[in-house]
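Data first, discussion second: the structure below is written as structure tokens.
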Amino acid sequence: MATSIARFSRRALTPNPIRRFFATSAALATNAEAPKPKLTVSPSPDRAKWDYRGQRQIIPLGQWLPKVAVDAYVAPNVVLAGQVTVWDGSSVWNGAVLRGDLNKITLGFCANVQERCVVHAAWSSPTGLPAETLIDRYVTVGAYSLLRSCTIEPECIIGQHSILMEGSLVETRSILEAGSVVPPGRRIPSGELWGGNPARFIRTLTNEETLEIPKLAVAINHLSGDYFSEFLPYSTVYLEVEKFKKSLGIAV
Amino acid sequence: MVMGRALYSVGFWIRETGQALDRLGCRLQGKNHFREQLSRHRTLMNVFDKSPSVDKQAFVAPSASLIGNVHVGPASSIWYGCVLRGDANSISVGAGTNIQDNTLVHVAKSNLSGKVLPTLIGDNVTIGHSAVLHGCTVEDEAYIGASATVLDGAHVEKQAMVESGALVRQNTRIPSGEVWGGNPARFLRKVTEEEKAFFSSSAVDYSNLAQVHAVENTKNLDETDFKKLLYKKNSRDAEYDSVLSDLSLSENVPKSA
């Protein structure tokens, strides 16, 4: 009785390692066919999915606080982080991100950064110019542009969706066409129209055209005045917050 | 004590008066008035049963939107204004990757070839500002330049670089260690050794920068108010005095060389 059980169990045991070997090799074969990225994500239980405050507009980093002049219009969904200075009369339109965390960003008098632009400054620039991003007075930066560590001298127009890489310099009274890509360290000379990817010389600007450049900046300044007057100096959201908290039973 | 209570109630009277005036002003504005509401922007938004899962060490900016099936690995960062829309398929972002401001990561639901592709982004990838990634695969330590567009089915291999402003067309395969650029993207040159080192170091730098931003963004009202108070106290700093002296200079003084 005992021997039969032993023989039975031995027969049950021995094919198992062979079967297991085949099973693992089959598993390896299927794994080799369809490799899936092994991502071990350990989510935190107290990550906020939604914050009733939304995104803060002005984000100080360390000892730097972004400074906005009293009559500059900065749209509510703009993010100013780090060393950003927005001087008088300028405007930053919806969705723009001005991230001065590595270096300084300055937006001069009556300059405007239009919708969805990203202005960033790198640590150091390949040319000798300081790596901060300086947008001087009366400059219009078109929508969806990307400005990275560039210097834009007074009275320029940067076309929409243009990309200005590190160390580039756009001299006074020049216009960049829409969609132009300015490679790192490129200098756009004064009074000329450049465009394309990479940016190439197209033609010089006539005197009438150069006179129009500050007029465009002033026109956008007037427009931003309308938007600026839409907003109260201090938001009345705190009333909604108090109502919200009361409804949830949280102490106000 | 009595003085304190008196001031407290006077303060309340003034606040109620202000709120009543605010309501009066709204009525005067008639139908054009606007009452500000709480922000309904959802940083992590789920579409029915597909919800994002983000590692606890990753930084997700509050103004970013992670929608649907999105997985973000540890030490990664998703910066301001990004939209990662994983509603039709899945998006998977590896560890140590940074997706910089204003980028758009979509998944293809239907494209010309009919294949539906998840977007896979590997570890230590740097995706520059304002990029657009649509149903593509990006392997580890690649570098997608600022404002680049990578379309469906494209495959960017390890340590490859896509130049700024490039448009990588559908189903393009960018081999390892090459720089592609232009519109449409074509082979430009090979990646130099120092650029390869730069890719990995930039990923690490961005992770550290992300931690600074993460700390700042998760502060609550008391901490931010305290910081504002500190700034107000120290507002007359060296820069303020230098600005005052700048105003007295003539206009013809040249700026930086």
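Order of the sequence lines fixes the chain letters, A, B, ..., with proteins taken first and strands second; residue numbering starts at 1 for each chain.
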Aromatic plane relationship, [Y] with [X] - under 30° parallel, 30 to 60° tilted, over 60° perpendicular:
| X | Y | value |
| --- | --- | --- |
| B:F198 | B:Y143 | tilted |
| B:Y80 | B:F59 | perpendicular |
| A:Y73 | A:Y227 | tilted |

**Prompt:** Looking at B:T43, B:L209, B:N46, B:D205, which makes the most heavy-atom pairs under 4.5 Å with chain A?
**Reply:**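 Among B:T43, B:L209, B:N46, B:D205, the one with the most close pairs to chain A is B:L209.
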**Request:** Could you have a look at B:G122, B:G128, B:A58, B:G182 and say which one has the most heavy-atom pairs with chain A under 4.5 angstrom?
**Result:**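 The candidate making the most pairs under 4.5 Å is B:A58.
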**Message:** With a strict 4.5 Å heavy-atom criterion, list every residue of residues 97-104 of chain B that contacts chain A, or say none.
**Reply:**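 Listed by number: B:Q100, B:D101, B:N102.
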Heavy-atom contact with chain B under 4.5 Å, split by part of [X]:
| X | value |
| --- | --- |
| A:R116 | both |
| A:L146 | side chain |
| A:L102 | side chain |

**Asked** In this structure, are over 12 heavy atoms from other groups packed under 6.0 Å from B:Q29 atom CD?
**Response**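 Yes, CD of B:Q29 has more than 12 neighbouring heavy atoms, counting only those of other groups under 6.0 Å.
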**Request:** Taking atom OH of A:Y238 as the centre, report whether more than 12 heavy atoms of other residues, nucleotides or ligands fall under 6.0 Å from it.
**Result:**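 More than 12 heavy atoms, drawn from other residues, nucleotides or ligands, come within 6.0 Å of this atom.
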Quick one: closest heavy-atom pair of [X] and [Y], and the distance?
| X | Y | answer |
| --- | --- | --- |
| B:A64 | B:W79 | CB-O, 3.7 Å |
| B:E141 | B:V125 | N-CG2, 3.9 Å |
| A:C150 | A:M165 | CB-O, 4.1 Å |
| A:W93 | A:S224 | CZ2-CB, 3.7 Å |

**Prompt:** Which bit of B:E163 comes within less than 4.5 Å of chain A, counting heavy atoms only: side chain, backbone, both or neither?
**Reply:**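 No part of it gets close to chain A.
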**Region of B:V215 in contact with chain A, defined by heavy-atom distances below 4.5 Å** =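 Interface part for B:V215: neither.
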**Request:** Identify which of A:L61, A:I58, A:I163, A:V181 forms the greatest number of heavy-atom pairs closer than 4.5 Å to chain B.
**Result:**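 That would be A:L61.
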**Asked** Which one of A:V97, A:L65, A:I59 has the most heavy-atom pairs closer than 4.5 Å to chain B?
**Response**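 Answer, by heavy-atom pair count under 4.5 Å with chain B: A:L65.
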**Item:** Student check: side-chain heavy atoms of B:N69 and B:N89 closer than 4.5 Å
**Value:**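 B:N69 does not reach B:N89 side chain to side chain.
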